Asker: 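Structure below; questions to follow.
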Amino acid sequence: MSRQLPSVLTPPDWLTRNLRPQNAPVSRAAVVRAAVALALPLAIGLALGRPSYGALASMGALSGVIGDTADAYRMRILNIAVPQLFGAVGVTIGALAFGHGWTTVGAVTAVALVSGMFSTIGAVASVSGLLLLLNCVIGAGLPLPGAWWLAPVLMSGGGLLVLALALLAWPLRSGVPERVAVAETYRAAADLLAASGTDAYDDRRHDVTRSLNQSYDLVLARRARHHGRNPDLVWLLAQLNAVTPVVESAPAAHQYGRQHAEPLPPEVPAAVRRLADAVETGRTGPADPGLPVPTNETARAVNHALAHAADVVTGRSPARTADDPLGRPARLGVRAARSARDVLLSSGSWRYGLRLAVCIGIAQSLVSIVPVARSYWVALTITFVMKPDFGSVFSRALMRALGTVAGLVVAAVVLTAVPLGWWDVPAMIVLAPLVPALGARGYGHQTAAVTPVILLLSDVLNHQGTALLVPRLVDSLMGCAIALVAGYLLWPESWHTRVGDRLADTVADTARYVEYASHEDADLAERARMRRGLHRDLSGIRTEFQRALSEPPPNGRRAAAWLPLVVAVERIVDATTAAGVRVRHGAQRPSAAEFAQVALQLRELSEGLRETDVLVAVRTDLTGPAGSVLEPLRQEVAAARAIASPR
């Protein structure tokens with residue numbers, strides 16, 4: 001008979017969540033680029049008798065490798081080139097402030113404030129702010145070789161080498177990543193339709209939301225540059241927009257499948273998959289979806305959506321001049337001014353900037369008073385850990401410490417066995433590919449991969465060998481401790497936040513969506529924008545809750561209690577969409593009073609969520625005409641309000 005371990009020896013759930021590796025594909029091209037981009041500058045530096053110059057360029061390449069995560073080529077330019085510009089500014093400021101005592105502390109702390117506030121704008125700004133502060137810390141803590149301008153040039157050159165390698169195939173594959181992304185969205189929609197009426201539907205809906213977010217980000221980012229003048233890009237956007245009615249018909253099909261235990265015919269998802277193949281290959285021409293004759297309003301809605309998508313994908317409708325319900329992004333100048341205003345006026349950006357500045361200021365002050373070997377590593381650790389958009393601060397501090405220990409074991413072997421000089425090049429060729437390969441598995445894995453690379457480059461600059469190991473461990477642990485105390489525990493919003501605030505906002509937006517659906521003359525494009533916005537917000541909220549699950553109590557326990565409510569709100573949005581689809585295809589339109597009752601219940605739920613950290617008791621007495629298309633919506637709202645009641 002097997003014996004169970006005592007519960008006291010079983011690791012808590014939040015710890016196992018942190019240690020569990022993520023399932024993510026590894027790009028072979030990114031692995032090859034990492035090996036070339038990090039080893040080539042080092043080899044050139046050795047050949048020229050300037051190994052320290054090569055090491056600086058390889059450090060710049062390392063930041064480029066970490067940022068090399070985009071699929072579309074234009075997004076790679078933004079993700080790599082823009083952060084390199086900020087990195088050059090950062091290392092220049094740091095180098096000019098190097099060795100000036102408390103002036104150095106003040107300069108780095110000020111850069112931390114700017115970096116933190118700037119990071120709240122978006123993904124590219126976040127990476128740019130990260131590199132601005134990282135390079136400033138390096139420049140302020142490490143005597144760099146050559147003139148003041150040489151280090152920025154070398155480090156930026158290393159990062160731009162990664163970009164050049166990433167763009168080699170652009171002339172041959174221009175537009176291919178965008179087409180592949182749109183095709184994958186069609187395939188995700190096919191999987192969603194195939195799962196209608198089953199328990200797998202919710203998971204497939206999340207996959208569709210993620211795929212739609214990625215596709216629109218890629219296509220609209222590219223369209224922002226072309227301003228709609230590229231007919232192929234306009235057609236691709238029309239194909240992406242054409243999948244929206246297909247996705248909107250899925251909730252109605254799911255409801256029907258649940259009520260009648262009758263899934264969609266297999267011909268339906270098969271037809272969507274054929275459209276996905278046509279999108280990916282650019283094929284046009286006649287194509288019969290081959291759908292069965294509809295027998296109810298739900299089947300009519302699905303058939304109508306697929307017929308429209310088929311017309312757009314195969315070129316039978318004027319797709320190249322088709323309308324664009326989601327619109328094109330505003331001009332760059334408008335977006336830049338809007339972002340600058342939001343950063344300056346947002347309390348969130350100031351709070352994060354101050355948290356980061358306090359942590360960096362403490363670290364810089366501490367190492368100025370207490371002699372610490374390689375002291376700049378303390379601030380570097382804080383910079384990486386204190387990234388709210390990269391995950392929970394608590395989890396990142398934990399995984400940073402564990403990853404550093406694992407990386408130091410590898411670094412000890414490398415620094416002991418590899419002689420300083422040309423042998424560093426093949427060692428780098430072996431170590432560099434681990435950065436993108438393990439980085440996809442999680443932050444702790446990425447730290448374990450980056451640590452030996454950084455120590456190998458530091459050894460080229462300082463010739464200290466294994467003497468770097470202990471200071472690296474001590475400094476990393478100090479940085480993690482400062483981030484946990486000054487950047488996490490001392491800020492009530494970290495451990496006593498009202499986790500329902502963002503969810504309450506989304507519930508209120510859902511109430512507006514329900515009210516808008518009650519209008520007979522409601523604009524379909526506006527409804528599509530509202531629905532996309534709700535699902536994008538819910539996707540972000542779900543991500544935040546998943547991060548909170550990796551924290552110890554009370555945050556982890558509170559997030560686990562609230563996560564079912566996130567699912568309930570997602571189902572409310574789907575039920576509202578399904579009601580609108582059924583009405584447009586023959587079902588009787590409910591009265592305005594029915595819609596108003598549901599919206600009122602949602603607003604009451606929203607207000608209740610804002611007022612407490614604990615799920616509160618609410619009324620669940622929703623009634624209405626039997627047989628109304630809003631009956632499934634009322635059931636979902638009642639379920640959400642029941643979830644919000646204490647047990």
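Computed from a prediction, not measured in an experiment: that's the story for all the values here. We number each residue from 1, following the sequence as shown.
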Asker: Could you tell me whether Arg187 and Asp277 have a side-chain N and a carboxylate O separated by less than 4.0 Å?
Answerer: yes
Asker: With distance as the sole test, does His535 use its side chain to make a donor-acceptor pair with the main-chain N or O of Thr209 at under 3.5 Å?
Answerer: no
Asker: Is there a side-chain contact between Pro269 and Asp191, using heavy atoms and a 4.5 Å cut-off?
Answerer: no
Asker: Any salt bridge linking Arg532 with Asp537? Criterion: basic side-chain nitrogen under 4.0 Å from a carboxylate oxygen.
Answerer: no
Asker: For the residue pair Arg542 and Val567, establish whether any side-chain heavy-atom pair is separated by less than 4.5 Å.
Answerer: yes
Asker: Does Val246 reach the side chain of Leu193, with side-chain heavy atoms less than 4.5 Å apart?
Answerer: yes
Asker: Taking only residues two or more places apart in sequence or in another chain, which ones pass side chain to side chain donor-acceptor pair (under 3.5 Å) with His585?
Answerer: none
Asker: So which of Thr576, Leu630, Leu633 actually passes side chain to side chain contact (heavy atoms under 4.5 Å, CB included) with Phe595?
Answerer: Leu630
Asker: Regarding Asp202 and Arg205, does a basic nitrogen lie under 4.0 Å from an acidic carboxylate oxygen?
Answerer: yes
Asker: Please check this pair: side chain of Thr314 against backbone of Ala310, looking for a donor-acceptor N/O pair closer than 3.5 Å.
Answerer: yes
Asker: Between Arg603 and Glu515, does any side-chain N to carboxylate O distance fall below 4.0 Å?
Answerer: yes
Asker: Report yes if some heavy atom in the side chain of Val312 is under 4.5 Å from a heavy atom in the side chain of His308; otherwise report no.
Answerer: yes
Asker: Does a side-chain N-to-carboxylate-O contact under 4.0 Å join Glu297 and Arg582?
Answerer: yes
Asker: Strictly by modelled atom types, are Ser628 and Glu594 linked by a side-chain donor-acceptor pair under 3.5 Å?
Answerer: yes
Asker: If we ignore hydrogens and angles and just use 3.5 Å, is the side chain of Ser215 paired with the main-chain N or O of Leu212 as donor and acceptor?
Answerer: no
Asker: Give a yes or no answer on whether the side chain of Thr510 reaches the backbone of Val573 with a donor-acceptor pair at less than 3.5 Å.
Answerer: no
Asker: Sub-3.5 Å donor-acceptor pair from the side chain of Ser196 to the main-chain atoms of Leu192, do we have one?
Answerer: no
Asker: Other residues, nucleotides and ligands only: do more than 12 of their heavy atoms fall within 6.0 Å of NE2 on His304?
Answerer: no
Asker: Tell me whether Tyr186 contacts the main-chain N or O of Gln239 through its side chain, where contact means a donor paired with an acceptor under 3.5 Å.
Answerer: yes
Asker: Side chain of Thr577, backbone of Glu248: donor and acceptor closer than 3.5 Å?
Answerer: no
Asker: Are more than 12 heavy atoms, taken from residues, nucleotides or ligands other than Gln588, located less than 6.0 Å from that residue's CD atom?
Answerer: no
